[in-house]
Amino acid sequence: MSQAPIPANEQERLDALHALELLDSPAEAMFDHITALAAQICGTPIALISLIDAQRQWFKSRVGLDVEQTARELAFCAHAVAADAPLEVDNALDDARFRDNPLVTSDPHIRFYAGVPLHDARGLALGTLCVIDRQPRHLDSHQHAQLQHLAHLTGELFELRLQARRQAEQSAMHQAMLDNAGSAVLVLDPQGRVLRSNPEAQQLLGYSPGDLEDRYLPQLLLEPGQYERLCTACSSGPQSTEGQMRARSGQHLPVRLNLSPIRAEGQQLQGYLLVANDLSQREEARQRLQRIAAQLPGMVYQYLLRADGSSCFPYASAGIRDVYGCTPEEVSEDAGPLLARLHPDDAPQVHAAIARSAASLSTWHQEYRVLHPLHGPLWVEGRAAPQRLPGGETLWHGFISDISERKRSEQLQNEFVSTVSHELRTPLTAIAGSLGLINGGALGAVPEQMQQMLEIAQSNSQRLRKLIDDLLDIDKLVAGKMRFDLQPLALRPLLEQALHNNQPYAEHHGVRLLLLPGIDCQVTADAQRLEQVLANLLANAAKFSAAGQSVELAAVPGDGWVRISVRDQGQGIAPDFKPRIFSKFAQADAGDTRRQGGTGLGLAISKEIIEHMGGRIGFDSVEGQGSTFWLDLPQVGVQS
Amino acid sequence: MTELKRILHVEDDPSIQAVAKVALEAVGGFQVLSCASGQEALDQVQGFAPDFILLDVMMPGMDGPQTLERLRQLVDIGEVPVAFMTAKVQPGEVAHYRSLGALDVIVKPFDPMQLAAQIRQIWSQRHG
């Protein structure tokens, strides 16, 4: 017995055989029909589809034989595969290759064998279609040709079978996807008839499985013509829109609809895939927000500033009509129509504050005027917290309310303060003048006790005058009516002057004022106003120092600013007073105030003045260790 | 150089008028004529023939600047130096009053013991 040689492309052949997923698979009728046909055509009792793997021949289909496989070295088919050519053995006993083969000498006692190689799509020989008899015989040419055809057919079936398996797998995957899509999905034919629906769709619309099929989508959509419009638009690609669907119960459901055409490449439209997402929860949340927002004064909103500088209001409550005179829809894509209604005098300040808030992610808070198309100019107050989005955009969440009424009463109050202060001034001038003349000795000597009382009257009229001056100052500052003459100023002479002017007051408290050495620099400021602030800080420092202590005045330039500081060695500032030290009429302790004198407006005025000059004011203080008040002013240049 | 002796003071508030009169007469040693309105000043100025005129800015009827304009048109009075008295002023306002023809501005409330000296100083700047 001679064994068939191993083909040169054996590994490639084996890989191809395994790839077809035939080995050890159950019998399949289509192959059994082929072997039955082969046996019938050739008149043999046995026909096989035999596949040769590394160790054996295995029969995918067999007629007239009980064994499922044999060893490869016994296989006649292995010879046909090795030669990759049809093999016909009329009588095995006459063939030296096979006469002692156990398959010849014992069961099934093969005498006749004819096999045709089976090829895969690439032409690799995988096995044979063969017919076997226990009698010697010979096939005629007709039978040969038939067997060849059947072998071809078998090879093609191998390929088709594999494709069908793949398609079945894909189909199973699609089904799983459809069943677990998390959204309602309908597969439609081009006319909109439902071919398939998933459980979500059935649940959303309230149908039993199978009930949606054969219904038409246009009947499930509330808006007439919506389906047709979507289909038309679909010619340029998938479409998405919002709409309402009609449930079986008749209820209307808000949904987002996504419609995509289904089309195999190069083929006609097969239909559409419709994905519907239930928006009821969103809609409920929207209505809840709307109802709550309607109860709020003014508007609540989201403002989105895009990376390219454009902006819009993704959400605005209906109150936007009262504040800006526009609708939420008008500004949902572009804030332009709204921004155009900012008062021209206030717009730069509003925009600058938005930019600062975006840069530092700090709360935006502004009071400004809006030119309302129906109600004329309004004062509004807005406050919003920014949030940075991953795309670099900034989104604010906030509210804006109409504060015109408050502004009007503030203005009345301010006018009242201003009028009253002016009216107080004239009689006070007369009182102070009269007392001044008497105490100055212009009218001769007065008795000593009377003199004492007259001096008390005079010093209190001076205090009253200072209070009125301060009230008028703060009034003008807050109303923006105080004019500032900002000039580049040499700082050193100004500090020397301030020291000189305030020295007598300090000496009165037994306190020494010192100007620390330093280089001269130029700042941008209004000289008279700066003097006023310095006088206030120096007077405060002297007032809150103990006799014998000193107060240091210094100026240090740095980073575009010059810091002027007034340092005392006094009692320092109590922690609970720190937050309101710059507020109007704030004084640490009412009882202490009288002893220290002062109006309680000095620091509030100083802060307003410094900020109007583009500077900053602040302090550092540890209770019991003195205080340093400082102000930063824009530096012009450094002089050597 | 003329000596500064006679001052015409125009002021609607009688108390301030009285204080200024004492301040200028008792402290400064001047001779003062007080008028309660611009019109009164116009009526009396030529009879008094002042060396110096002190004008309140805010007065009912004819205010300080209007009075000054009318005074300038009078024979023998057109050249008499004038100072305004007014409440605390902003820097720009002083320039404005000067442009109207005033020599200077005396800020209210004034120090009555210093008022005479202040006027002398303004006077000497003019004549110095």
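Below, chain A is the first sequence line, B the second, and so on; all start at residue 1. Every heavy atom of this structure was used, including side-chain atoms; hydrogens, water molecules and symmetry mates were not. Quick caveat: nothing in here was measured; it's all calculated off a predicted structure.
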Could you check whether atom [atom1] of [X] has more than 12 heavy atoms from other residues, nucleotides or ligands sitting under 6.0 Å from it?
X      : atom1 : answer
A:D345 : CG    : yes
A:E448 : CD    : no
A:R512 : CZ    : no
A:Q452 : CD    : no
A:Q349 : CD    : yes

Closest non-hydrogen atom pair, [X] against [Y]:
X      : Y      : result
B:P112 : A:A432 : CG-O, 4.4 Å
B:V19  : A:A430 : CG2-O, 3.4 Å
B:M113 : A:A442 : SD-CB, 4.2 Å

Check your understanding: Under a 4.5 Å heavy-atom cut-off, does chain B meet the side chain of A:L435, its backbone, both or neither?
Key ->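 For A:L435, there is no contact with chain B at all, as no heavy atom is under 4.5 Å.
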Working to the nearest 0.5 Å, report the span between [atom1] of [X] and [atom2] of [Y].
X      : Y      : atom1 : atom2 : answer
B:D12  : A:T426 : CG    : OG1   : 8.0 Å
A:T429 : B:E11  : OG1   : CD    : 9.0 Å
B:D13  : A:R425 : CG    : CZ    : 14.0 Å

